[in-house]
Each structure stands twice: as C-alpha cells, then as structure tokens.
Amino acid sequence: MIKRRNKRTSAAAPRRRSPSRRSRQTRGSQPEHKPASPLRSPSVVVVMGVSGCGKSTIASMLAHRLNWIFEEGDWFHPPSNVEKMHNGVPLTDEDRWPWLHGIAAWIDATRRVGNHGTVACSALKRAYRDILVGERPDVRIVYLKGGRDLIARRLAARDGHFMPPSLLESQFATLEEPQPDEHPIVVSIVPHPRQIVEEIVKRLGKGAALSPPGIGAASRRS
C-alpha cells in the first residue's frame, strides 16, 4: 500500500508547478470568478471540509456505494508539507499549490479515460477549489459541514493522523464555505456516515450512475 501511494504521488509530481503570476492574481481577486459552466453528470466528486469532518470516510464510502474509484488527497502532499503538519505548523498557499495541482492532475486523468471517482481534499479556499473544479462541469463539490466543538472532539479521539487538533482553529480561519455559484452539495456531519452517503447519492441524482462491477476495483489496482 505504501509503495502504491508513493508511486502515485511521484507520478503526479511533474504536474505540480507553481502558478504563474497571472493565475495568482486571479486567485487573489475573487469577484472576477467566471460563471460556472452548466452541470453535467459527475465524473469526479471532491469531498471537502476541515480536518476531522470525515472527508476520507465519506469519500471512500461514497466510492464503494457507486463502485467508483476513491483517492485520498493527503497522499499528494510532499514530505515537506507532512512534516510541517506533524509539527503543528500551518501550511501556506505556496505549500498548497503543488499539492492541489497534483490532485487536479489525477482528476483530469480520471475524466480523460472515462472513469468516475471521489477524492477527499480539504479545499478550504475558493482559490483551491478553482484549481480542482475550475471550468470542469462534471466535477462536483460535496461540503461536509460541522461545528468546531464536534470536530474538535473527533480530532481529540483520533490516532495516527498528521493533522494535530491544535491546527483546527487555523483550518476554520482559512475556510471559505462554497458559494451557490459553485453548486455545492452541503451536508451535515451529524448523521451516521451511511445516512450522509445516501443523502449525497440522492442529491447527485441520476448522474451518479453506478459503474459496472469490477471497474472501480480494477482502476484502483492500476
């Protein structure tokens, strides 16, 4: 499993490049966002939210429910980012750009071959989601929304993750909730995960088609 993750991260690395000056200016000027393209049947669903909201659990369960491919966005972080988070140091935007471009490369590769997938990614800022979604009308955002107290309790009970509870406040300070023009699916994290997944499937509608048996599993092994 570890070898697969390292290989996938390194394979995406050539696509991880710092944004141009022009793209940085666009990210810093939110009122200039282009209108979203008409929605299509989803190829990829990005499950977003602050650390501890259950992104990985919900994204993996959703992928299993639809027989889609699941990808964990944390696997795309370079070692320097992981070390910072282990030490309780918040990441900067410069730290995040290569990570986000790596995930975007996976999204495009999934779409290009006609697969369907889910990816867990915090995607806290609009600028980050612009990289992941942008003008891709077949990529949908699912925002797992929860209160600080509930998420803090979940983080306190969690072992083996590189995001310490001390960084929760910085996560909420960074969070820019998705706006209506992003067409997000907003769901509460309070219900049981199975209920959350069924709500997402319902709200994705007929576009969230089941993949034929074996396709999701075969893609994950490749």
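- Follow the hydrophobic side-chain contacts under 4.5 Å out from V190 and you reach I58 in the same cluster.
- Counting heavy-atom neighbours within 6.0 Å of R194 CZ, excluding the residue itself, gives a total of 12 or less.
- Atom-to-atom distance recorded for I69:CD1 and T118:OG1 is 9.0 Å, nearest 0.5 angstrom.
- Side-chain atoms of R65 do not come within 3.5 Å of backbone N or O of V197 as any donor-acceptor pair.
- Q171 places a side-chain N or O within 3.5 Å of a backbone atom of S51 that can act as its donor or acceptor partner.
- Side-chain atoms of K55 come within 3.5 Å of backbone atoms of G49 as a donor-acceptor pair (strictly under, hydrogens ignored).
- A distance of 12.5 Å separates OG in S43 from CZ in R112, rounded to the nearest 0.5 Å.
- Panel note: side chain Q195, backbone H192; a donor-acceptor pair is recorded below 3.5 Å.
- Using a 4.5 Å cut-off between side-chain heavy atoms of Ile, Leu, Val, Met, Phe, Trp and Tyr, with links allowed through other members, V142 and L150 fall into the same hydrophobic cluster.
- Residues D93 and K125 are paired through a salt bridge, judged by an N-O separation under 4.0 Å between the basic side chain and the carboxylate.
- Of all heavy-atom pairs spanning Q179 and P184, the tightest one is O-CD, 3.2 Å.
- Note: the hydrophobic cluster containing F172 does not contain V89 (ILVMFWY, side chain heavy atoms under 4.5 Å, direct or indirect links).
- Between D181 and R126, at least one side-chain nitrogen of the basic residue sits less than 4.0 Å from a carboxylate oxygen of the acidic one, meeting the salt-bridge criterion.
- In this structure, a donor-acceptor pair under 3.5 Å is present between the side chains of E72 and S56.
- Side-chain atoms of L204 and P42, non-hydrogen and from C-beta on, do get closer than 4.5 Å to each other.
- The shortest distance between side-chain heavy atoms of E199 and I185 does not fall below 4.5 Å.
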Y143 vs L175, test: side chain to side chain contact (heavy atoms under 4.5 Å, CB included). Steps then yes/no.
CA-CA 11 Å; Y143 170 39; L175 175 64; 3.4 Å; yes
Side chain to side chain contact (heavy atoms under 4.5 Å, CB included) evaluation trace for E71 with I107
CA-CA 10 Å; E71 189 64 276; I107 290 173; over 6 Å; no
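- You'll find the side chain of C121 reaches within 4.5 Å of the side chain of L100, heavy atoms only.
- Within the 4.5 Å cutoff, side-chain heavy atoms of R111 are placed close to those of V139.
- Atom CD1 of I196 is separated from atom CG of L144 by 6.5 Å, given to the nearest 0.5 angstrom.
- E177 places a side-chain heavy atom less than 4.5 Å from the side chain of K145.
- Looking at every heavy atom in both residues, P178 comes nearest to E182 through CA-OE2, 3.2 Å.
- Put simply, NZ on K84 and CG on L91 are 6.5 Å apart, with the number rounded to the nearest 0.5 Å.
- For the atom pair CD1 of I131 and CZ of R129, the computed distance is 11.5 Å after rounding to the nearest 0.5 Å.
- The nearest pair of heavy atoms linking L155 to G52 is CD2-CA, 3.8 Å.
- Linking ILVMFWY residues whenever their side-chain heavy atoms come closer than 4.5 Å, directly or via other members, places V186 and I189 in the same cluster.
- Taking both residues in full, the closest heavy atoms of L132 and A104 are given as CD2-N, 4.0 Å, listed atom of the first, atom of the second, then distance.
- The aromatic rings of W97 and Y128 sit perpendicular to each other, their planes meeting at more than 60°, with 30° as the lower class boundary.
- Rounded to the nearest 0.5 Å, atoms CZ (F70) and CE (M61) are 12.0 Å apart.
- Of all heavy-atom pairs spanning R136 and D108, the tightest one is NE-OD1, 2.8 Å.
- Within the 4.5 Å cutoff, the side chain of R96 has no heavy atoms near those of the T92 side chain.
- Minimum interatomic distance between V119 and G73 (heavy atoms only, all atoms of both residues): CG2-N, 4.0 Å.
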Which is it for M48 and I141 under the side chain to side chain contact (heavy atoms under 4.5 Å, CB included) test, yes or no, and what are the steps along the way?
CA-CA 7 Å; M48 64 157 288; I141 291 287; 3.7 Å; yes
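- Side chain of N81 to backbone of H77: no donor-acceptor contact under 3.5 angstrom is found.
- Inter-residue side-chain proximity for L62 and W68 is flagged as unmet; no heavy-atom pair is nearer than 4.5 Å.
- Side-chain contact check for R148 versus E169: some heavy-atom pair is nearer than 4.5 Å.
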